[in-house]
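Here is the structure we will look at, set down as structure tokens.
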Amino acid sequence: MPVRTTARSGIRRATATTATGLRATAVAVLAAAALVSCTQGQTDGGLRADPSAPSATASPSADPAENADQVEQAAGEATEEPTAPAEPAPELVRDAFATLQATLGETCTPGAGDCAYFLGRVTQELTELDEAMRADPKGPGHFKQPLADMKVLFGKLGKDRSTPHLEKHFSEIVSTRDGINTWMQDHPDDYR
């Protein structure tokens, strides 16, 4: 009796292994057939999936080597690397100036703990305005004074954008912002 049980379980294991292998093969064949059918188009003279591809009259039961080549070709086409998106262009001067102008009614008290957001924002707005002025079609020469003022400010600030460092330069940041506002008000064609 133990021999029969062992034989049956061996058969069951072999059957399960064979079935699993057949399922995997069937899935691979179906995937390959689907790829081939996507690349072949219709054979009845109708529209093809790819207008530049020649009309194919081969059926899925045609030469397996030819179908495998078509599957590899379709897979190669699908895996082409997309081109990297271009970097966004700097803002227009009027848009960058509008966001800087929005800070005109704001201020803070250095040392009171309320300057991190304000000074960080004004510094960021000045940086974006600097980039916009340099990229403007009128050329940086048109914005000579504001660019010179921002260069002096950025030279004092360096790379340090910590709150204590920005608070140390509070008056320079605010006066640069206000000076640029005055300059822009005298050049309305740059922000309207």
Side-chain angles (χ1 to χ4, degrees), residues 34-35 38-41 46-55 69-192:
L35 284 172
C38 289
T39 60
Q40 286 182 340
L47 296 175
R48 294 187 303 252
D50 181 3
S52 64
S55 176
D69 290 343
Q70 290 175 349
V71 169
E72 286 179 20
Q73 180 183 4
E77 291 171 359
T79 59
E80 290 180 18
E81 288 188 32
T83 57
E87 289 191 28
E91 289 183 274
L92 296 174
V93 170
R94 67 185 170 118
D95 296 339
F97 177 60
T99 57
L100 178 67
Q101 248 186 334
T103 69
L104 287 177
E106 298 177 24
T107 190
C108 68
T109 306
D114 62 346
C115 283
Y117 171 76
F118 170 71
L119 292 175
R121 179 177 175 201
V122 172
T123 304
Q124 181 64 35
E125 301 298 347
L126 288 169
T127 301
E128 290 173 3
L129 182 61
D130 181 79
E131 292 170 358
M133 287 179 169
R134 292 181 189 285
D136 191 81
K138 293 177 184 175
H142 178 74
F143 302 101
K144 191 174 182 178
Q145 184 61 47
L147 288 172
D149 293 345
M150 287 186 278
K151 183 178 181 178
V152 169
L153 173 66
F154 297 149
K156 289 179 182 180
L157 294 178
K159 301 268 185 206
D160 187 356
R161 296 296 191 260
S162 66
T163 301
H165 186 68
L166 294 177
E167 285 181 346
K168 179 180 168 185
H169 297 286
F170 174 84
S171 61
E172 290 95 344
I173 294 169
V174 172
S175 66
T176 301
R177 175 199 66 181
D178 295 346
I180 289 172
N181 180 61
T182 301
W183 188 91
M184 290 295 285
Q185 296 297 335
D186 292 337
H187 297 81
D189 57 310
D190 292 320
Y191 68 93
R192 289 189 181 157

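A quick note: this is a predicted structure, and the numbers were derived from the prediction, not measured.
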Could you pull out the closest heavy-atom pair between Phe97 and Gln185, with the gap in Å? CZ-NE2, 4.2 Å
What's the shortest heavy-atom distance between Arg161 and Gly158, and which atoms? NH1-O, 2.5 Å
Determine, step by step, whether Leu166 and Leu157 satisfy the side-chain contact (heavy atoms from CB on, under 4.5 Å) criterion, reporting the C-alpha distance in whole Å, the side-chain angles of both residues, the deciding distance to 0.1 Å, and the verdict. CA-CA 7 Å; Leu166 294 177; Leu157 294 178; 3.9 Å; yes
Greater than 12 external heavy atoms within 6.0 Å of Lys156's NZ: no
Aromatic ring pairing His142/His187, orientation class (parallel under 30°, perpendicular over 60°, tilted between): perpendicular
Hey, what do you get for [atom1] ([X]) to [atom2] ([Y]), rounding to the nearest 0.5 Å?
X	Y	atom1	atom2	result
Arg177	Thr182	CZ	OG1	10.5 Å
Ile173	Glu125	CD1	CD	13.0 Å
Glu167	Phe118	CD	CZ	11.5 Å
Met150	Leu129	CE	CG	4.5 Å

Side-chain polar contacts of residues 101-116 - donor-acceptor pairs under 3.5 angstrom, sequence neighbours left out - could you list them?
| from | atom 1 | to | atom 2 | distance (Å) |
| --- | --- | --- | --- | --- |
| Thr103 | OG1 | Leu100 | O | 2.6 |
| Glu106 | OE2 | Arg121 | NH1 | 3.0 |
| Asp114 | OD1 | Thr109 | N | 3.1 |

So the ring-ring contact (aromatic ring centres under 6.0 Å, His included) pairs with at least one residue in residues 149-175 (sequence neighbours excluded) are His165-His169
Only one of Leu126, Asp130, Leu153 clears side chain to side chain contact (heavy atoms under 4.5 Å, CB included) with Ile180; which? Leu126
Within the distance-only criterion (no hydrogens, no angle test), does the side chain of Thr123 pair as donor or acceptor with the backbone N or O of Gly120 below 3.5 angstrom? no
For Asp160, is there an ion pair with Lys168 - N to carboxylate O distance below 4.0 angstrom? no
Side chains of Met184 and Val93, heavy atoms from C-beta outward: is any pair under 4.5 Å? yes
